[in-house]
Amino acid sequence: MGGSSLQLLLTFFIFLLCMKPALGNYWGVGDANLGCKERERRALIKIKEDLIDDYGHLSSWSTKVGREDCCKWRGVHCNNQTGHVTQLNLSISDVEPLRGKLSPFLSELQYLTFLDVSYNDFNHTQIPKSIASLSNLRHLDFSQANFGRNIPFQLGNLSSLQYLDLAWNNFNELENLEWLRPLSSLNFLRMSSVNLSKVNNWLQVVNKLPHLTSLYLRSCNLPNIFPIPHVNSSTSLDVVNLSYNNLTLSSSVLEWLFNSNTSVVELYLFDNQFQGLIPNAFSKINSLEVLILDDNEFEGGIPKSFSRMCNLKTLSLSSNNLSVQLLGIVHNLTGCANNSIEELYLDNNHIMGSFPDLTTFSSLRVLFLSDNRLSGTIPESLGKQSNLERLYIGGNPFEGVISEAHFSKLTKLKVFHIYNNSLVFNFSFNWVPPFQLEQLYLVSCQLGFGLPKWLQTQKSYYWLDLSNSTILDTLYNSYWIFPNQKFYMNLSDNQISGHIPNLSLESSFGSIIDLSSNELEGKIPSFVFRGVHLDLSKNMLSKLAFSLCVANNNSLRFLDLSNNQLSGELPDCWMHFEGLKILKLGNNNFYGKIPSSVGSLIEIETLDLGNNNFSGELPSSLKNCPKLIFLDLRNNSLSGLIPMWLGRSHPNLVDLILRSNHFYGRMPPHLCHLTHLQILDLAWNKITGSIPKCLNNLISLMDKKNPSVAINHSYEVLSLSYVDHTIWMWKGREYEYKNNLVLVKSIDLSSNKLNGVIPEEIGMLDGLISLNLSNNLLTGKITSDIGLLHSLEVLDLSDNKLCGEIPSTLSLIDRLNFLNLRNNNLSGRIPTSTQLSTFSASAYEGNPNLCGFPLPKNCLGEETPQNPTVIRSSGDASMQDEEDGYITLGFYVSAAIGFLICFWGVFGTLLLNKSWRSHFKFMNNFKDKLYVNGVVNTARLQRQLQS
């Protein structure tokens with residue numbers, strides 16, 4: 001019996017061993033040695049073959065021995081029990097994307113439930129239609145993957161799909177969304193940036209997705225729908241984002257939201273075309289917690305009905321046209337027993353009045369009131385907002401004092417922005433704030449004399465902007481101002497003096513420092529060069545060399561040391577700064593040769609070395625800087641030929657300024673290859689030869705409307721932006737242009753030794769606004785094509801040897817406001833026109849054979865030269881006088897004769913009748929006087945007629 005029992009037990013044990021795989025699957029315990037399926041492994045290899053992996057993200061996808069198990073490959077996840085691939089995540093990096101195309105072999109992964117290929121670059125290729133066979137897919141993310149062509153309607157076969165994201169690609173315009181209807185399990189749908197302008201039934205389709213909770217149709221050109229379509233099914237939408245469309249208040253979309261989606265929690269409608277008053281109907285969605293209505297044209301204020309929205313936590317109405325008292329807005333948001341408002345954004349409106357007591361919003365965390373019309377003082381009750389974390393109140397004409405009381409209980413405050421007002425900051429010397437700030441933005445304020453001492457207590461801030469805030473202090477003793485982490489610091493436009501402290505901050509890597517327009521002096525410490533942006537311009541700094549070369553930072557993008565007192569030779573260590581885009585060293589005292597290592601700046605776009613004492617030739621290494629846009633070397637002692645590679649190696653060049661140097665030789669025709677060029681300034685050199693006829697290849701100077709693409713160059717890092725500027729000679733004076741660079745189109749070749757004629761081709765540059773060829777040896781006639789330069793405002797051809805007449809076409813340039821043709825050999829009459837008559841004689845002096853107004857010299861056959869306008873006026877007046885004289889004489893003659901005939905015909909009988917004479921004795925005297933006067937006047941008239 002015992003033996004039988006033992007045998008039975010042994011048999012059962014063997015049975016269990018045999019059944020282990022099955023039991024393991026049943027109980028959810030996988031085989032530790034179970035690998036992926038061979039068919040699916042081969043499919044993954046095929047998928048990889050269609051991808052371009054520049055950064056080796058898929059290096060683990062290998063067929064080498066020991067690495068065959070695809071379940072261990074990056075981005076691949078398998079089912080523990082079956083070994084089938086169930087998840088494929090190729091969303092690796094938006095800065096290091098995969099490229100190529102998505103392989104149709106994805107259809108071999110039949111057990112796939114999760115597929116994410118977002119943030120890659122599929123180069124406008126189409127989503128493979130074969131994906132529609134993956135019937136088990138529940139999550140599909142194709143967002144920001146640069147897909148193109150049409151969205152395959154076969155996606156409608158994925159009946160198990162719960163999550164679908166097709167946003168931010170380059171699909172063709174959709175004709176319909178009917179393929180979405182079968183996706184009855186869908187709860188998340190994002191199609192932002194897909195053009196739906198022709199899909200008039202999108203609302204009906206969306207309403208037929210019964211489990212949809214999140215809908216994102218941002219930037220879809222959604223059509224306004226009139227009237228509202230018949231809707232039967234209720235929705236379970238929690239999040240709706242219809243921003244950046246063309247929706248209006250009359251659209252049925254709003255009616256659909258107000259009547260059919262009263263359970264929505266988050267509603268985003270910013271940047272549409274809503275105008276007028278904010279509808280009361282928003283309050284029907286009593287479940288709303290987030291309502292975003294930014295960047296519309298709403299007017300007035302907030303409806304009173306908003307006081308019933310007791311769940312509302314975030315209300316954003318930034319950048320509208322609200323124009324009511326802030327107190328009224330606060331009143332209309334106050335109604336619930338426990339006010340739930342946590343974030344309130346009302347910046348960039350026209351809201352007026354004083355700053356009210358906000359203590360009713362006890363949960364308030366974020367408050368944006370910047371750039372309105374609020375005035376008066378800031379109440380101390382602000383200091384009671386104990387939950388406040390971010391406060392933006394700049395750009396309002398507040399006045400009065402802001403003190404410690406305004407911050408007494410703001411223990412959670414992390415961000416404080418205030419700017420452009422008359423507030424006076426008054427804090428005690430030993431004040432210790434109750435908060436630890438992350439960002440402090442006090443711009444164009446009145447901070448008093450010194451840097452705020454309470455900043456010494458702040459250990460967490462990484463953003464500090466105290467620019468233009470009347471700070472009078474010494475930086476060296478305020479080393480604590482530099483935070484111990486990567487930071488943004490702007491202390492520009494103050495009166496900060498002294499030396500920059502020599503700190504060894506490792507945190508300066510990646511930092512942004514702007515200390516420009518102060519009174520700093522001495523040497524520049526090396527730690528400041530370890531960031532990405534450094535502006536020390538407009539100070540009195542004097543030493544550079546050693547600190548620069550020690551820094552060795554390829555991450556530095558922007559360096560401006562211009563307008564200082566830096567001297568010596570420029571350090572030859574620029575190979576350590578290959579990432580530089582902007583380098584400005586102008587207006588210093590550097591001398592010697594430009595070091596060849598400047599050619600190591602392969603990313604450089606702006607190079608300004610003007611107003612120094614550099615000598616020698618341009619280093620040929622500069623040809624290694626193909627991205628150069630602005631090159632300014634003015635006012636140095638550079639010499640040699642203008643190199644031909646300037647035209648070949650810098651196709652994006654917009655500004656080329658070499659004025660006031662010692663360059664000689666011919667002007668290389670290769671400069672005509674610079675098709676983006678807008679400023680060509682070679683003045684005050686020793687350039688010889690003729691002006692190249694190929695200047696008409698400078699197509700950017702031929703376009704007076706659209707600027708060159710290259711001129712839009714801008715540099716941006718974090719929230720600090722920089723747009724390049726230039727110094728431009730205008731009517732003999734220097735002007736700095738920043739925001740209107742696209743308007744500056746100029747050629748200045750003055751004060752050289754150029755000879756030959758002015759090429760006719762120059763007349764094709766109708767975008768030019770300034771042309772200066774003065775003080776050269778140019779001969780021949782002024783080309784009549786110069787009248788084609790309709791945008792020209794400045795023309796200086798003085799001090800040459802030009803001959804012939806001034807072309808009459810010059811009068812066609814109606815914008816011309818500066819003209820200088822003096823000291824040439826021009827001859828003939830100065831063309832008469834309203835435009836040319838406005839210039840003084842000095843514009844034409846030194847041309848002995850010129851005549852006519854405004855010169856005092858008469859042209860042949862003329863009397864005293866006069867302004868054509870005056871001549872015309874005086875001529876008209878003379879003619880009028882002649883006409884008036886003729887009419888007056890005829891009138892007198894006719895009147896006299898008529899009077900005599902009428903008078904004697906009526907009264908003759910009476911005067912000759914003796915019986916009446918006694919009654920009219922007085923008439924005898926009248927007759928005698930009349931006779932005498934008549935004879936005298938007749939004689940006068942006769943003399944007038946004879947003369």
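Remember, predicted model here, so these are calculated numbers, not experimental data.
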[X] side chain near [Y] side chain, heavy-atom distance below 4.5 Å:
X    : Y    : result
L792 : L771 : yes
S791 : R815 : yes
L585 : L570 : yes
L491 : M489 : yes
N588 : N613 : no
F482 : P501 : yes
L451 : I471 : yes
W168 : S219 : yes

Do the side-chain N and O atoms of [X] and [Y] include a donor-acceptor pair separated by under 3.5 angstrom?
X    : Y    : result
S746 : D748 : no
N635 : S660 : yes
Q485 : Y462 : no
D347 : S318 : yes
N775 : S751 : yes

Counting distance only, does the side-chain N/O of [X] pair as donor-acceptor with the main-chain N or O of [Y] below 3.5 Å?
X    : Y    : result
N554 : G579 : no
N685 : F663 : yes
N120 : L98  : yes
D295 : D271 : no
N800 : N776 : yes
N468 : S444 : no
S649 : L646 : no
D54  : G56  : no
D655 : I657 : no
S511 : K486 : no

Original post:
Is there a side chain to side chain donor-acceptor pair (under 3.5 Å) between Y119 and Q144 once you walk through the steps?
Top reply: CA-CA 5 Å; Y119 296 100; Q144 300 191 57; 3.2 Å; yes
Interatomic distance, [X] atom [atom1] to [Y] atom [atom2] [nearest 0.5 angstrom]:
X    : Y    : atom1 : atom2 : answer
E569 : L544 : CD    : CG    : 12.5 Å
I699 : H676 : CD1   : NE2   : 7.0 Å
D681 : D632 : CG    : CG    : 8.5 Å
N752 : L777 : CG    : CG    : 9.5 Å

Original post:
Should the pair H673 and H670 be assigned to parallel (<30°), tilted (30 to 60°) or perpendicular (>60°) ring geometry?
Top reply: perpendicular
**OP:** Apply the salt bridge (charged side-chain N to carboxylate O under 4.0 Å, His left out) test between K584 and each candidate in D608, D535, D560; give the one that qualifies.
**Re:** D608
**OP:** Mind running side chain to side chain contact (heavy atoms under 4.5 Å, CB included) on N494 and D473 for me, showing each step along the way?
**Re:** CA-CA 9 Å; N494 284 293; D473 207 339; over 6 Å; no
Subject >> Chi angles and distances behind the side chain to side chain donor-acceptor pair (under 3.5 Å) call for S700, Q678 >> reply: CA-CA 6 Å; S700 189; Q678 294 191 188; 3.1 Å; yes
**OP:** Mind checking salt bridge (Lys or Arg N to Asp or Glu O under 4.0 Å) for D572 and listing every partner two or more places apart, or none if nothing turns up?
**Re:** none
**OP:** Start with the C-alpha gap between N146 and N169, add the side-chain angles, then the distance that decides, and say whether side chain to side chain donor-acceptor pair (under 3.5 Å) holds.
**Re:** CA-CA 5 Å; N146 202 17; N169 283 285; over 6 Å; no
Subject >> M540 CE: over 12 foreign heavy atoms closer than 6.0 Å >> reply: yes
Original post:
Does E96 CD have over 12 foreign heavy atoms under 6.0 Å away?
Top reply: yes
**OP:** Using a strict 4.0 Å threshold on nitrogen-to-oxygen distance, state whether D121 and R99 make a salt bridge.
**Re:** no
Subject >> E605 bridged to K581 by N-O distance under 4.0 Å >> reply: yes
Original post:
side chain to side chain contact (heavy atoms under 4.5 Å, CB included) with L633: which of L656, L609, N611, N612?
Top reply: L609
**OP:** Check step by step if side chain to side chain contact (heavy atoms under 4.5 Å, CB included) holds for N553 and L559.
**Re:** CA-CA 12 Å; N553 177 18; L559 178 59; over 6 Å; no
Original post:
What about the rings of Y441 and Y419, do their centers lie closer together than 6.0 Å?
Top reply: yes
Original post:
Stepwise, does the side chain to side chain contact (heavy atoms under 4.5 Å, CB included) test hold for L695 with E761?
Top reply: CA-CA 7 Å; L695 286 180; E761 289 78 4; 6.0 Å; no
Original post:
Going through the checks in order, is the side chain to side chain contact (heavy atoms under 4.5 Å, CB included) test met by F590 and N636?
Top reply: CA-CA 10 Å; F590 291 115; N636 280 285; over 6 Å; no
